[in-house]
2 protein chains.
Amino acid sequence: MTTPTGDQALIKRINTAIVLECILRGAPLSRAQISEQSGLNKATVSSLVQDLIDGSLVREIGTGQSSGGRKPVMLEFVATSGYAIGIDLGVNYIRGALVDMRGEIVAERTSSLRDSEPGAAFEQLCGCIEALIAEAPASPYGIVGIGVGVPGIVDENGTILFAPNLQWRDVPLQRMLSERFGLHVTIDNEANAGALGEQKYGAGRSIANLVYVSVGIGIGTGLILHKSLYKGSAGYSGEMGHLSIEAHGLSCTCGNRGCWELYASEQALLKQASSLGFGDLEELLSAADSGRQDVLELFAGIGEYLGIGIANIVNVFNPDAVIIGNRMSQARPWLENSLRQTVVQRALGFHLRKVQLLFAELGERSAMMGAAEMAISGFFSRIKSA
Amino acid sequence: MTTPTGDQALIKRINTAIVLECILRGAPLSRAQISEQSGLNKATVSSLVQDLIDGSLVREIGTGQSSGGRKPVMLEFVATSGYAIGIDLGVNYIRGALVDMRGEIVAERTSSLRDSEPGAAFEQLCGCIEALIAEAPASPYGIVGIGVGVPGIVDENGTILFAPNLQWRDVPLQRMLSERFGLHVTIDNEANAGALGEQKYGAGRSIANLVYVSVGIGIGTGLILHKSLYKGSAGYSGEMGHLSIEAHGLSCTCGNRGCWELYASEQALLKQASSLGFGDLEELLSAADSGRQDVLELFAGIGEYLGIGIANIVNVFNPDAVIIGNRMSQARPWLENSLRQTVVQRALGFHLRKVQLLFAELGERSAMMGAAEMAISGFFSRIKSA
DNA sequence: GAAACTTAGTTTATTGAATAGACAAACTAA
DNA sequence: TTAGTTTGTCTATTCAATAAACTAAGTTTC
């Protein structure tokens, strides 16, 4: 009633998960190797592997190299046992992908958001999802779920409480999508999705504690602590864009003053750049690329402010890595120096021994891949508890 | 080898823990009630309870009220099955307690630290521990462990890497104490210990996500996320005293600028108060108590700066509660208004719906009780895995 | 006050998961 | 060929949880 009680089914779930994990990590490997790596008895492994084969999640792919005895039968995860949809719903675009169970992209669609009003945007979103579903090959489990990253605060029921740049309030996107498609739907904010994406498929692969800093129009952060997303008490932690770094600085629409994102986001950059005659990030990037001094100084300034906030993050979380993602990560060449210098100057020495400063490997796909990962891991946790 | 594999012993450990948890929570209750609350079968509960009785951790205390059938045999946890030592090693004091397994204080000793040089302090600490051990009644498990909270950064091996106000560096306190006493020793920093103490025995009882802000000479924080201490990658997270709240503010010894503790700690208060002719916190408290206007304004100012940092904490962690502890919590009557006002003004509205702002209930005993709790929970996790 | 119900806790037989160890299958090396 | 090795399965055993029957000890009802 209260706590999940322990019985034999629990053991089996645990051990099945261990076996599956071994296969996912170790690519082609034999039952004997799984037994050795996991510490499980050979007989146990055989039995669990058989169940996984019966469940179409694993298959035999012929014999491997002998090392002086009987040849091993190699196993691999069946990446095509099902497919997941990952969506990055941006302020002015929709980016979606159909991925297999290993996160390989099978189909991808990007379109600009024609009308950000909730009703119209929802229809466009559904269109994108339908098109992706139509491209899915036949598979044992079909579409295992839909994950969506959104630029706003999401509660534990998948309702978008507030998306400032879309001007949305209280949009129950999870319910809407699951009613429409009859599939499992997970909604989370763009930064959490990005964090998951980088942790699973990108720069932070298998790092236990990392902070993903999504620097776009605003700044969002996704926290992965002890290998899992930390969401706070009501599901909306990580609003670090509104960390105050100047107690008596600029007033922010959030009610606070001196919020980080007023100094270090794309918006902050563009505001300063407007007096130089630049209108968007792309123009600034190419100007920097061609070496314009004033633009380089602009980027260095943003880098410094990013560093101030990141030093705070490092001091608070002592993470293994901080990953800078979203649009601003494209400016890496012109940010990195001043950013690193500031962090080294400002973070406590003990932390610096270990923390890595990384840039997103998936580029603009971090959030989309993370959204897909939410769907995939949702599927795995369902089959584990069934 | 890698992952802990699941077997029947694991089930038994899990279920024993569930049963014990029920008994710890539900005070006197019967086997039948445990079965109902936990969902475990009556027979299973009977068997596990018998093991716990054999292990002296639980005892029968006679029959209870019948509700229309056979009278139940009531069970309770044997709080005196063992004792733990909890120590708060301060900058200028040593506070220690002998507590039973339920955290009731059996004996307590406080002394001022005569000489903060590591060798001398260690001897005084050992003296305190010896005296407390001598007061322990005979019990099945004896002294189950020693927990120590220290004002500094501690690594995963219980070595004090750096304690600025004690001027200690690289003191392997855990090894020193466990060699001396032959007991299990846990060391953690004072803020982590305080967080644990308040979460287990104080204002934050059974709250899942809380941030304990220890406002003393400096500011430290202890993070309890998902009901367990979050320690970061190397064991020293939570250095929020060095969160920069004024990007271009005062220079701090840590290398950063505008650190929170330069504006909101006891040290900050005393610095401002010196021009008014006050030398320590106690004088200021009594002046405030007698209504001196300038002193009240001083406290209000500190309250505001505390609020600025706490608003940041709330935005970052979305905790269920923030608990203000250590010496400055005594100033609650004169801080609370300006503090609450600032937090309400600066934290994002969504968070405020849920977050509670609390003051430490254990007062100066938070860290000591948390240290004892570290020893007790260490004991429980040992008997679970044995 | 006896019969009928209720509740507490134990006993018994069963289920199912993991395991050790025996074993068969399939290979290498000499 | 023969000896040794490695892989994977089979068999008997152990152990924890469980359902169901059962004993024990009450209360309620008429």
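Just so it is clear: chains get the letters A, B, ... in the order the sequence lines come, proteins before strands, and each one is counted from 1.
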Length of the line joining [X]:[atom1] and [N]:[atom2], which is rounded to integer Å:
{"X": "A:Lys42", "N": "D:dC10", "atom1": "NZ", "atom2": "C1'", "result": "11 Å"}
{"X": "A:Lys71", "N": "C:dA24", "atom1": "NZ", "atom2": "P", "result": "23 Å"}
{"X": "B:Gln33", "N": "C:dA8", "atom1": "CD", "atom2": "C1'", "result": "11 Å"}
{"X": "A:Gln8", "N": "C:dT14", "atom1": "CD", "atom2": "P", "result": "16 Å"}
{"X": "B:Leu10", "N": "C:dG16", "atom1": "CG", "atom2": "P", "result": "20 Å"}
{"X": "B:Gln50", "N": "C:dG9", "atom1": "CD", "atom2": "C1'", "result": "12 Å"}
{"X": "B:Asn41", "N": "C:dA8", "atom1": "CG", "atom2": "P", "result": "14 Å"}
{"X": "A:Ile34", "N": "D:dG8", "atom1": "CD1", "atom2": "C1'", "result": "12 Å"}

Closest nucleotide among [options] to the [X] side chain:
{"X": "A:Pro72", "options": "C:dT10, D:dT18, D:dT7", "result": "D:dT7"}
{"X": "A:Ala43", "options": "C:dG21, C:dG9, D:dT7", "result": "C:dG21"}
{"X": "B:Ser46", "options": "C:dT19, C:dT10, C:dG9", "result": "C:dT10"}

Answer with base, sugar-phosphate or nothing: what part of the nucleic acid does [X] contact at a heavy-atom distance below 4.0 Å?
{"X": "A:Lys12", "answer": "sugar-phosphate"}
{"X": "A:Ser30", "answer": "sugar-phosphate"}
{"X": "A:Val45", "answer": "nothing"}
{"X": "A:Thr44", "answer": "base"}

(request) Flag the pair B:Glu156 and B:Lys231 as a salt bridge only when some basic side-chain nitrogen lies within less than 4.0 angstrom of an acidic carboxylate oxygen. (result)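 So B:Glu156 does not pair with B:Lys231 through a salt bridge.
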
(request) Identify whether the distance between the nearest side-chain nitrogen and carboxylate oxygen of A:Glu198 and A:Arg205 falls below 4.0 Å. (result)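 No, no charged N to carboxylate O under 4.0 Å.
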
(request) Report yes or no: does A:Glu135 contribute a side-chain atom to a donor-acceptor pair with the main-chain N or O of A:Leu132 at less than 3.5 Å? (result)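 No, the answer is negative, given that no donor and acceptor are paired below the 3.5 Å cut-off.
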
(request) Using only side-chain N and O atoms of B:Arg31, determine if any of them is under 4.0 Å from OP1 or OP2 of C:dT7. (result)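 Looking at the OP1 and OP2 atoms of C:dT7, neither is under 4.0 Å from any side-chain N or O of B:Arg31.
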
(message) Less than 4.0 angstrom between a side-chain N/O of A:Asn15 and OP1 or OP2 of C:dA17, yes or no?
(response)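 No, A:Asn15 has no side-chain N/O under 4.0 Å of OP1/OP2 on C:dA17.
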
(request) Would you kindly check whether a donor in the side chain of A:Arg70 faces an acceptor in the base of C:dA26, or vice versa, at under 3.5 angstrom? (result)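 Flag unset: no donor-acceptor pair detected.
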
(message) Quick one, B:Tyr83 with B:Phe379, criterion ring pair (Phe, Tyr, Trp, His ring centres under 6.0 Å). Give me CA distance, side-chain angles, the key distance, then yes/no.
(response) CA-CA 10 Å; B:Tyr83 295 88; B:Phe379 169 72; over 10 Å; no

(request) Name the pairing partner of C:dA30, where a pair is Watson-Crick or G-U wobble with both distances under 3.5 Å, or state none. (result)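 Across all strands, the one nucleotide that pairs with C:dA30 is D:dT1.
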
(message) If you assign each of A:Ser67 and B:Ser67 to its closest nucleotide in DNA chain D, which residue comes earlier from the 5' end?
(response)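 Checking each residue's closest nucleotide, the 5'-ward one belongs to A:Ser67.
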
(request) Applying salt bridge (Lys or Arg N to Asp or Glu O under 4.0 Å), run through B:Glu60 and B:Arg31 and close with a yes or a no. (result) CA-CA 10 Å; B:Glu60 302 183 334; B:Arg31 291 169 174 81; 2.7 Å; yes

(request) Would you please classify the geometry between the A:Tyr230 ring and the B:Phe317 ring as parallel, tilted or perpendicular, with 30° and 60° separating the classes? (result)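 Geometry flag for A:Tyr230 against B:Phe317: perpendicular rings.
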
(request) With DNA chain C as reference, determine whether B:Ser66 or A:Ala9 sits nearer its 5' end, using the nearest nucleotide of each. (result)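 Its nucleotide being nearer the 5' end, the pick is B:Ser66.
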
